[in-house]
Amino acid sequence: MIDPALIREDPNRVRKHLVNRRFPADALEMFISLDREWREELQEVESLQHKLKTATPKRKPTDEEKGELSELSDMIQSKKRDLKSLEQSKNEYALSIPNILSHDTPLGDSDKDNVEIRKEGDIPTFDFNVQSHDALAQSLNLVDFEKASLISGSRFAVLKGWGARLERALIHFMLDMHTTSHGYEECMPPVLVNSKALQGTGQLPKFKEDLFHCADTDLWLSPTAEVQLTNLYQNAVIPAGELPIALTAHTACFRREAGSYGKDVKGLIRLHQFNKVELVQLVHPDQSERVLTALLTHAENILKALALPYRVVELCSADMGFSAGKTFDLEVWFPSQNCYREISSCSNFFDFQARRAMIRYKDVGGAVGYLHTINGSGLAVGRTFAALIENYQTKMGTVNVPGALKPYLGVETLT
RNA sequence: GGAGAGGUACCCAAGUGGCUCAAGGGGACGGUUUGCUAAACCGUUAGUGUUCGUAAGGGCAGCGAGGGUUCGAAUCCCUCCCUCUCCGCCA
């Protein structure tokens, strides 16, 4: 949620952000008019409430007094109902307005206008025809898509044998690096979350078609551990001295992928269920810009340790996620596709999520404010798996194990 | 799933319709005393959200959440959530 005071004081600035995002302004305009109406009603109700409070005697009132007070009380009650419904729809619209963009966000119309910041690592050259990761994985018996569709349908995978081992090794390796070298605390949260948590990080109310919902309950399959880790602190007031809070978790993540028919239908790139190691930091507002850079480095360090070529891309105004104010994507090289594909997305949300989830900090002086949240994938495990086997494939159709993973896998080659 | 007991502020806790604009402890903070500490004593401890106001400063809300009854609700009624104990089932 963006600061309602900002909308009241400078609506044009907010309108401009929506234009830059190529985002419709309906919700904003509705909010502005409902908010005005709500505040007028609120003042009236409160002054009537004050009147009732001061006029109510401490002892049994006379019948005459009772009549007057009763009338006043009825009026308050009906006005309160109006106020409540105004407030509800006002809040609904407020929750549907995306975050303000960072001052330095590049402007653009689509993902084509994202800005490449730098490239890292050497793109491997092959003196044979490279195989796609799904062909490789199937020929090496690392994964079985047919069996997965038998039990779960399309866009699921069963990892087997060395495939399962490799996935587990990657998770283990990533968590080890983030906990021992980058200072994150490891967490194992539930993967079922309630709608309040999803609202806190911005998945609800707008994007429920992207989520799996458990029938007859208020439980949803979390699409990213960002939801769990960030919302651990909902309604908290954290002493500034305890910041930053840095958490990492491996979880399964679940996405409907509605509207992505025909996209990445083969392989491990786009599944309904995938593993991800997530990085989340809760920081003092002064620190968020610096911490985003640091967190990006933490994600990059995984790619560097695995010696996978990648590039850093800054998202432009039109491609930015709903809750994010500034985002860097990491894109890893896929030899078979001859292009870079997203493997991590690292964002600064400023106080947007903190406002929704009511996560605040308290300074030594006692001043309370919304803190900033930052998160990123460190990394998407399935995509790392896919990139790894493609980049490390050999002429014989086997896969060399990168040095960093040998302690976890105990073999030099997957055959 | 069945049966019971709970949820009050940083913590413990009193409080079954108006004498409570939530008692009393503990802790924390400030002070008196003191060579220093402790003890004792005195004081502060509702934080927060929201709204009005340039501000100073008002108002309103707030006893797990949401509704209701009432002139008036922590207290009565309804729905829901969470915690604990026992039973059943289960990895």
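The figures here come from the full heavy-atom set of this structure, side chains too, leaving out hydrogens, waters and symmetry mates. A, B, ... follow the sequence lines: proteins, then strands. Residue 1 opens every chain.
Of the possible polar contacts, one joining the H272(A) side chain to the R256(A) backbone as a donor-acceptor pair under 3.5 Å is found. A donor-acceptor distance shorter than 3.5 angstrom exists from the side chain of S323(A) to the backbone of T201(A), with no hydrogens or angles considered.
Phosphate proximity of G72(B) to S73(A): present, with a side-chain N or O under 4.0 Å from OP1 or OP2. The phosphate of G68(B) has OP1 or OP2 within less than 4.0 Å of a side-chain N or O from R81(A). OP1 or OP2 of G68(B) has not a single side-chain nitrogen or oxygen of Q77(A) nearer than 4.0 Å. At the phosphate of G59(B), neither OP1 nor OP2 sits under 4.0 Å from any side-chain N or O atom of R39(A). The shortest distance between the side-chain N/O atoms of H50(A) and the OP1/OP2 oxygens of C60(B) is below 4.0 Å.
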- List the steps and the verdict of salt bridge (Lys or Arg N to Asp or Glu O under 4.0 Å) for E37(A) and K90(A). CA-CA 10 Å; E37(A) 211 178 318; K90(A) 173 191 79 122; over 6 Å; no
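Across the P atoms, U85(B) and C63(B) are found 28 Å apart, a figure rounded to whole Å. Look at the C1' atom in both G17(B) and U69(B): the space between them is 12 Å, to the nearest Å. Comparing the C1' positions of G72(B) and G68(B) gives an interatomic distance of 15 Å, to the nearest angstrom. G57(B) sits 25 Å from G62(B) when the P atoms are compared, rounded to a whole Å. U79(B) and G24(B) have their P atoms separated by 36 Å, given to the nearest Å. Annotation: U16(B) and G6(B) have their P atoms spaced 13 Å apart (nearest Å). Nucleotides A9(B) and U44(B) place their C1' atoms 15 Å apart, quoted to the nearest Å. When the P atom is used for both C76(B) and G15(B), the distance is 13 Å, rounded to whole Å.
One can place CG of N91(A) at 13 Å from P of G66(B), the figure rounded to the nearest angstrom. Rounded to an integer number of Å, the gap from L69(A) CG to G18(B) P is 17 Å. Distance L86(A) CG to U51(B) C1': 15 Å, rounded to the nearest Å. We find that CD1 of I76(A) is positioned 16 Å from P of G59(B), with the value rounded to whole Å. Nucleotide G53(B) holds its P atom 12 Å from the CD atom of E9(A), rounded to whole Å. When the P atom of C52(B) is taken as reference, atom CD of E46(A) falls 9 Å away, rounded to whole Å. If you measure from atom CD of E44(A) to atom P of A61(B), you get 16 Å, rounded to the nearest angstrom. Computed from coordinates, the L42(A) CG to G62(B) P distance equals 13 Å when rounded to whole Å.
If you check C29(B) for Watson-Crick or wobble pairing at under 3.5 angstrom, you find it paired to G43(B). For A74(B), there is no paired nucleotide, since no Watson-Crick or G-U wobble pair has both relevant distances below 3.5 Å. Nucleotide C21(B) has no partner under the Watson-Crick or G-U criteria, as no pair reaches both atom distances under 3.5 Å. Here C63(B) sits opposite no nucleotide as a Watson-Crick or G-U wobble pair (both hydrogen-bonding atom distances under 3.5 Å). Nucleotide U69(B) has no partner under the Watson-Crick or G-U criteria, as no pair reaches both atom distances under 3.5 Å. Pair assignment for C84(B): G4(B), on the basis of Watson-Crick or G-U wobble contacts that are both within less than 3.5 Å.
Summarising the geometry, atom NZ belonging to K53(A) is positioned 11.5 Å from atom CD1 belonging to I76(A); distances are rounded to the nearest 0.5 Å.
Considering R39(A), K51(A), K79(A) as possible partners of E44(A), the one that fulfils the salt bridge (charged side-chain N to carboxylate O under 4.0 Å, His left out) test is K79(A).
Taking the six-membered ring where the residue is Trp, H298(A) and H182(A) present parallel rings, their angle staying beneath 30° rather than reaching 60°.
Side chains of E390(A) and Q131(A): no donor on one and acceptor on the other come within 3.5 Å.
Within 4.0 Å (heavy atoms only), K362(A) reaches sugar-phosphate atoms of the nucleic acid but no base atom. Counting non-hydrogen atoms under 4.0 angstrom, K84(A) reaches the backbone sugars and phosphates but no base. Heavy atoms of Q49(A) sit under 4.0 angstrom from primed sugar atoms or phosphate atoms, though from no base atom.
Between C71(B), C60(B), U48(B), one nucleotide has an atom nearer to the side chain of R360(A) than all others, and that is U48(B). Side-chain atoms of K53(A) lie closest to C60(B) of the nucleotides C71(B), C60(B), U51(B).
Map V368(A) and D74(A) each onto its nearest nucleotide of RNA chain B; the residue landing nearer the 5' end is V368(A). Of the two residues near RNA chain B, V237(A) and G67(A), the one whose nearest nucleotide lies more 5' is V237(A).
Syn is the classification of A46(B), since its glycosidic angle stays within 90° of 0.
With a 6.0 Å radius and a threshold of 12 heavy atoms from other residues, nucleotides or ligands, E185(A) has its CD atom at or below the threshold.
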